[in-house]
Amino acid sequence: MTPSCDVAVIGAGILGLAHAWSAAKRGLRVTLFERCPRAAGASIRNFGMVWPIGQPAGPPRETALLSRTRWLELRDTSGLWVNECGSLHLAYRGDELAVLEEFVSQEGGPTDDLRLLSADEVLARSPAANPESLLGGLWSATELCVNPRTTIAHLPAHLRDRYNVDLQFHTPVTRVDGHKIIAGDGRTWHADRVVVCSGSDFETLFPEVFRNAPLTLCKLQMLRTAAQPDALRIGPHLAGGLTLRHYTSFRDCPSLQALCDRIDRETPELNRYGIHVMASQNDAGQVILGDSHEYGEEISPFDKPEIDELILRELRRMIRLPDWTIAERWHGIYAKCTDGLVYESEPEPGVHVVVGPGGAGMTLSFGLAEQQWSRWAGPSRVEP
């Protein structure tokens, strides 16, 4: 007899896990498919930043803040590590400080959760901030830190144990035919609704849809230090002036263009590789450093040592660590929707493709899934 479920979710990265969780909370019988023994793609190759401040005000920010609420709920129900660390954007140049001042003004002025800090106030919040030439910084309280590797590894078991989600790992899905899911070994399942969250890999299932989708691939390079000595904690996530040109939340600040022009004039090599630098610290005390952005045909399977060197050069200007030993280097490749927060389509009735949150998967996925399932099935009926 063909096994059946209310919902089949294909892909156990963060977006697939989010959809499985939101469906299960509504009392639906969920089967989660993953081609590997555990997800090993873009969802484990990032900072672990839940980063609402990077999303522009309005629906994108609201989605990010909804995700934040869901992360805190997950912490309380699963025991997974979620750190309410906040973030600091550090300013070392006048144009950087000007952008931060304009941003606070556009957000309605300073609050307890968003305000400019003096250099001394920055240093009081983060012992890792480089005090040399520091002008000040922007404090935001909304950011969280998670450990992508442990979260992606352990969240499926939590969904199984708490919500009876059926886990079908090491099960590549090779075809979706209406409500029929066909695995590579010939096994089949029936699902009333299918949600495909397999990133650009959904090309295998729906090549025609993929061909016309507004998606581009992005490659990033990242590094991780050894655990810092004496249990040092860097405090909030740390970002700098380079980051202000990357996130759309700062795009309407009048001083941003002058900042971008200066960076292009003084350090064009950073634009060549899409480098902006940030640092976060996981529960093991290791500091995650990055990153770069190469798109489309620029992507090569071979990492560029000069990118790592540039990332470290810029970070050393911004932060101080007692131990810069690089314990690990890696790259990730993710699909990014170029026309909205995420790409959604319905190639067949009851079959939904939801992919491409880009570098904001940890920030947006839980919110996106909850909003989607509220449209499909109404509010959650199951206690947290």
Side-chain angles (χ1 to χ4, degrees), residues 1-44 70 74 77-78 80 151-206 209 342 344-355 357 361 365-366 368-384:
M1 182 176 178
T2 301
S4 64
C5 58
D6 297 319
V7 180
V9 178
I10 301 173
I14 192 61
L15 194 55
L17 291 169
H19 276 275
W21 184 21
S22 286
K25 286 194 65 176
R26 286 162 171 77
L28 299 171
R29 295 176 300 123
V30 179
T31 300
L32 177 63
F33 294 89
E34 169 57 44
R35 64 179 181 177
C36 300
R38 65 173 58 181
S43 292
I44 67 166
R70 298 279 278 152
L74 181 64
T77 57
S78 72
L80 285 168
T151 297
I152 298 301
H154 298 305
L155 182 50
H158 172 71
L159 298 180
R160 178 196 63 205
D161 297 342
R162 192 174 185 90
Y163 300 103
N164 296 314
V165 171
D166 178 26
L167 304 182
Q168 294 293 332
F169 278 60
H170 217 175
T171 305
V173 174
T174 56
R175 187 179 173 195
V176 175
D177 185 3
H179 298 284
K180 186 177 182 181
I181 296 98
I182 305 169
D185 59 8
R187 288 181 294 161
T188 61
W189 287 259
H190 178 277
D192 294 338
R193 190 186 300 271
V194 180
V195 186
V196 180
C197 299
S198 54
S200 61
D201 289 341
F202 90 85
E203 180 181 13
T204 302
L205 301 176
F206 300 104
V209 176
V342 69
E344 301 178 36
S345 68
E346 190 172 359
E348 301 176 19
V351 178
H352 308 271
V353 174
V354 186
V355 299
S365 290
F366 285 162
L368 288 167
E370 188 61 21
Q371 291 167 342
Q372 187 69 279
W373 278 101
S374 292
R375 292 192 292 268
W376 288 338
S380 171
R381 301 196 305 270
V382 177
E383 291 299 314

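- Heavy-atom minimum distance, G178 versus V351: O-CG2, 3.3 Å.
- Using a cutoff of 4.0 Å between basic side-chain nitrogens and carboxylate oxygens, R35 and D201 are scored as salt-bridged.
- The two residues A12 and A39 make their nearest non-hydrogen contact at O-CB, 3.4 Å.
- For I181 against A8, the heavy-atom pair with the smallest separation is CD1-CB, 3.8 Å.
- When side chains are defined from C-beta on, V165 does not count as touching T31, because their heavy atoms never get closer than 4.5 Å.
- Residues passing the salt bridge (charged side-chain N to carboxylate O under 4.0 Å, His left out) test with R175 are D177, sequence neighbours excluded.
- Separating the CG atom in L32 from the CD1 atom in I10 is a distance of 10.0 Å, to the nearest 0.5 Å.
- In this structure, SG in C36 is found 7.0 Å from NE2 in H170, a value given to the nearest 0.5 Å.
- Qualifying side-chain contact (heavy atoms from CB on, under 4.5 Å) partners for T171, counting only residues two or more places apart in sequence or in other chains: F33, Q168, A183, R187, W189.
- With a 4.5 Å cut-off on side-chain heavy atoms, E348 and H179 do not count as touching.
- Taking all atoms of both residues into account, the shortest heavy-atom contact from R26 to S374 is NH2-OG, 3.1 Å.
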Legend entry - Audit row: W376, V195, side chain to side chain contact (heavy atoms under 4.5 Å, CB included) steps and yes/no: CA-CA 12 Å; W376 288 338; V195 186; 3.9 Å; yes
Legend entry - Test log, rule side chain to side chain contact (heavy atoms under 4.5 Å, CB included), inputs H190 and D192: CA-CA 7 Å; H190 178 277; D192 294 338; 3.5 Å; yes
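- The minimum heavy-atom distance linking L159 with A20 is given by the pair CD1-CB, 4.1 Å.
- Side-chain contact between V342 and V355: absent, with no pair of heavy atoms (C-beta onward) separated by less than 4.5 Å.
- How far OG of S22 is from CZ of F366: 8.5 Å, rounded to the nearest 0.5 Å.
- The distance from the NE2 atom of H352 to the CD atom of E346 is 4.5 Å, given to the nearest 0.5 Å.
- The salt bridge (charged side-chain N to carboxylate O under 4.0 Å, His left out) search around R70 returns E73, E370, not counting sequence neighbours.
- With sequence neighbours excluded, the residues satisfying side chain to side chain donor-acceptor pair (under 3.5 Å) with S345 are Y343.
- Between the side chain of S43 and the backbone N or O of I14 there is at least one donor-acceptor pair closer than 3.5 Å.
- Residue C5 holds its SG atom at 13.0 Å from CG of N164, rounded to the nearest 0.5 Å.
- Note that OG of S198 and CG of L15 are 10.0 Å apart. Values are rounded to the nearest 0.5 Å.
- Residue pairs satisfying the side chain to side chain donor-acceptor pair (under 3.5 Å) criterion with at least one member in residues 12-21, sequence neighbours excluded, are listed as follows: H19-W373, W21-Y163.
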Inset, instruction - Any chance you could lay out the side chain to side chain contact (heavy atoms under 4.5 Å, CB included) test for V176 and I182, step after step, and finish with the verdict? - result: CA-CA 6 Å; V176 175; I182 305 169; over 6 Å; no
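- Applying the salt bridge (charged side-chain N to carboxylate O under 4.0 Å, His left out) rule to D6 yields the partners R29; only residues at least two apart in sequence or on another chain are considered.
- Considering all non-hydrogen atoms of both residues, I152 and G13 come closest at CD1-C, 4.3 Å.
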Inset, instruction - Walk me through it: do L155 and L74 pass the test side chain to side chain contact (heavy atoms under 4.5 Å, CB included)? - result: CA-CA 9 Å; L155 182 50; L74 181 64; 3.6 Å; yes
